[in-house]
Amino acid sequence: IAAHSDLRTGLIPNPLVTCGGAALLALRVLFAEVLRGSAQAGTALSVGLLGIAACGLIPLAMFFVRGIGGGDLKLLAALGAGLGPVVGLEAELYAFGFGALYALGRAAYDGVFWQVLRGSTLLLTNPLTPRRQRRPIAASALSPIRFGPSICFGTLCAVALHWRAP
């Protein structure tokens with residue numbers, strides 16, 4: 001639903017992310033209690049909260065430099081609640097990979113591949129260079145993408161790779 005909303009409107013609604021994240025965390029705790037006993041419910045809650053923190057940390061840093069939207073940040077953190085830190089970070093890695101492939105493919109299709117590649121390189125190197133030597137990044141090299149579908153595909157891949165019947 002979030003991927004469809006992001007693709008259609010460019011927004012991921014806050015109620016969808018907050019309710020979805022809370023539901024994922026509650027399901028994590030419920031399944032732990034039912035399948036492993038009530039002693040494991042606290043551990044499941046701790047792992048879910050750790051997943052929120054771990055999966056929200058990198059997107060939060062990217063949000064502050066305007067590299068990712070707020071809805072994407074909240075969606076990745078909410079997925080961490082349900083998937084936990086390990087599978088959540090793996091899903092995040094796949095999502096960034098799919099997003100990068102899509103962005104480069106779209107840039108090649110639009111004929112601005114080298115501009116986008118140069119802009120991406122400057123985004124990575126400018127913070128590491130002295131202020132006087134930093135180079136400006138052309139606006140055409142910073143075209144935004146809808147990241148929700150990449151998050152969806154990354155999550156599906158991570159879950160499929162870790163799927164096991166109870």
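Across Gly88 and Leu83, no two heavy atoms sit closer than the pair N-CB, 3.7 Å. Residues Gly21 and Ala81 share a closest heavy-atom pair of O-CB, 3.9 Å. Heavy atoms only, all atoms of each residue included: Leu7 and Pro149 are closest at CD1-CG, 3.9 Å. Of all the heavy atoms in Cys55 and Gly80, the pair that sits closest is SG-CA, 3.6 Å. Minimum heavy-atom separation, Leu124 to Pro127: O-CD, 3.8 Å. Across all their heavy atoms, Thr9 and Arg146 have their closest contact at C-NH1, 3.7 Å.
We find the NE2-CG distance between His4 and Leu16 to be 11.5 Å, quoted to the nearest 0.5 Å. The line from CG of Leu76 to CG of Leu89 is 10.0 Å long, rounded to the nearest 0.5 Å. Distance check: Arg28 CZ to Thr43 OG1 gives 10.5 Å after rounding to the nearest 0.5 Å. The CG atom of Leu30 sits 8.5 Å away from the CG atom of Leu35 when rounded to the nearest 0.5 Å.
A continuous path of ILVMFWY side-chain contacts below 4.5 Å connects Ile68 to Leu60, so both sit in one hydrophobic cluster. Residues Leu57 and Val87 do not share a hydrophobic cluster, clusters being chains of Ile/Leu/Val/Met/Phe/Trp/Tyr side chains in contact below 4.5 Å. Criterion: ILVMFWY side-chain heavy atoms under 4.5 Å apart, direct or through other members. Under it, Leu11 and Leu79 are not part of a common hydrophobic cluster.
The shortest distance between side-chain heavy atoms of Leu73 and Phe64 does not fall below 4.5 Å. The shortest distance between side-chain heavy atoms of Leu25 and Leu49 falls below 4.5 Å.
Around the CZ atom of Phe63, the shell of radius 6.0 Å holds no more than 12 heavy atoms that belong to other residues, nucleotides or ligands. Sparse packing is recorded around CD1 of Ile1, with 12 or fewer heavy atoms of other residues, nucleotides or ligands lying under 6.0 Å away.
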| query | Under the side-chain contact (heavy atoms from CB on, under 4.5 Å) criterion, do Ile12 and Lys74 qualify, and how do the steps go? | reply | CA-CA 9 Å; Ile12 300 173; Lys74 291 177 276 190; over 6 Å; no

| request: Kindly indicate, with the supporting measurements, whether the criterion side-chain contact (heavy atoms from CB on, under 4.5 Å) is fulfilled by Glu90 and Leu161. | output: CA-CA 10 Å; Glu90 188 175 334; Leu161 290 172; 4.0 Å; yes

| message | Using side-chain contact (heavy atoms from CB on, under 4.5 Å), reason through Ile151 and Asp6 one step at a time and then give a plain yes or no. | response | CA-CA 11 Å; Ile151 295 172; Asp6 191 25; over 6 Å; no

| field | Test log, rule side-chain contact (heavy atoms from CB on, under 4.5 Å), inputs Leu75 and Phe147 | value | CA-CA 10 Å; Leu75 180 59; Phe147 194 52; over 6 Å; no

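The hydrophobic cluster of Leu93 has no other members, since no ILVMFWY side-chain heavy atom comes under 4.5 Å of it.
Ring geometry for Phe153 against Phe98 counts as perpendicular: the plane angle is over 60°, on a 0 to 90° scale with 30° as the lower cut.
Between Val29 and the options Leu24, Val34, Leu45, a side chain to side chain contact (heavy atoms under 4.5 Å, CB included) holds for only Leu45.
Contacts classified as salt bridge (Lys or Arg N to Asp or Glu O under 4.0 Å) and involving residues 125-137 (residues at least two apart or in different chains) are not found.
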